Peer 1: 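Supplied in structure tokens, the structure appears directly below.
It should be emphasised that the depicted structure is a prediction, and the values quoted were computed from it without experimental measurement. Numbers for residues simply follow the sequence, beginning at 1. Side chains included, hydrogens not; waters and symmetry mates left out as well; all remaining heavy atoms used.
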Amino acid sequence: MAGSSEAARAALAPIDRLVEGAQTPPFVPGWERVHALLELDAGRPVEAVSWCRREGRWRQPPSDDQLTPWTRLVLARALRESAAADSADLLTGYRPHR
């Protein structure tokens, strides 16, 4: 995703239209994660969390544990940046020394 966020959003636009217009959204590997990264780049970590968790909608019940490893890392970053560090620590298994 090297380059500008605007270019990345423009490249995603045709996929977004396909997904949003579908009765049953197709599985597009990495689609949610790329949107989450763009939200982080724009300084919107709460929206990034939402995008990451959309990846889990395929599983019942949805769970952060079922996200791909790459998306879990993006989710952990988004949680930290949204001041939900405790949730990020649980997600990654990180235990800070206190």
Peer 1: Atom CH2 in W51, atom CZ in R44: separation rounded to 0.5 Å?
Peer 2: 11.5 Å

Peer 1: Write down the atom of D16, the atom of H35, and the distance for their closest heavy-atom approach.
Peer 2: OD1-NE2, 2.8 Å

Peer 1: Has the side chain of E55 got a donor or acceptor atom that lies under 3.5 Å from a matching backbone atom of T68?
Peer 2: yes

Peer 1: Are any non-hydrogen side-chain atoms of W31 and L12 less than 4.5 angstrom apart?
Peer 2: yes

Peer 1: Shortest non-hydrogen contact from A11 to P14?
Peer 2: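 Closest approach of A11 to P14: O-CD, 3.4 Å.
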
Peer 1: Give, for atom CG of L67 and atom CD of E32, the distance between the pair rounded to the nearest 0.5 Å.
Peer 2: 9.5 Å

Peer 1: Apply salt bridge (charged side-chain N to carboxylate O under 4.0 Å, His left out) to E47 and list each qualifying residue two or more places apart in sequence or on a separate chain.
Peer 2: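 Applying salt bridge (charged side-chain N to carboxylate O under 4.0 Å, His left out) to E47 gives none.
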
Peer 1: Taking all atoms of both residues into account, what is the closest heavy-atom pair of C52 and V74, and its distance?
Peer 2: SG-CG1, 3.6 Å

Peer 1: When clusters are formed by joining ILVMFWY residues with side-chain heavy atoms under 4.5 Å apart, either directly or through shared neighbours, do V34 and I15 land in the same one?
Peer 2: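 Per the 4.5 Å side-chain linkage, V34 and I15 are co-clustered.
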
Peer 1: D64 and salt bridge (charged side-chain N to carboxylate O under 4.0 Å, His left out): which single residue from R54, R72, R53 fits?
Peer 2: R53

Peer 1: Which atom pair, heavy atoms only, marks the closest approach of R9 to L38?
Peer 2: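 Between these two residues, the closest heavy atoms are NH2-O, 3.5 Å.
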
Peer 1: Over all heavy atoms of both residues, which pair between E81 and P45 is shortest? Give the atoms and the distance, please.
Peer 2: O-CG, 3.6 Å

Peer 1: For A78 versus A48, what's the shortest heavy-atom pair and its separation?
Peer 2: CB-CB, 3.8 Å

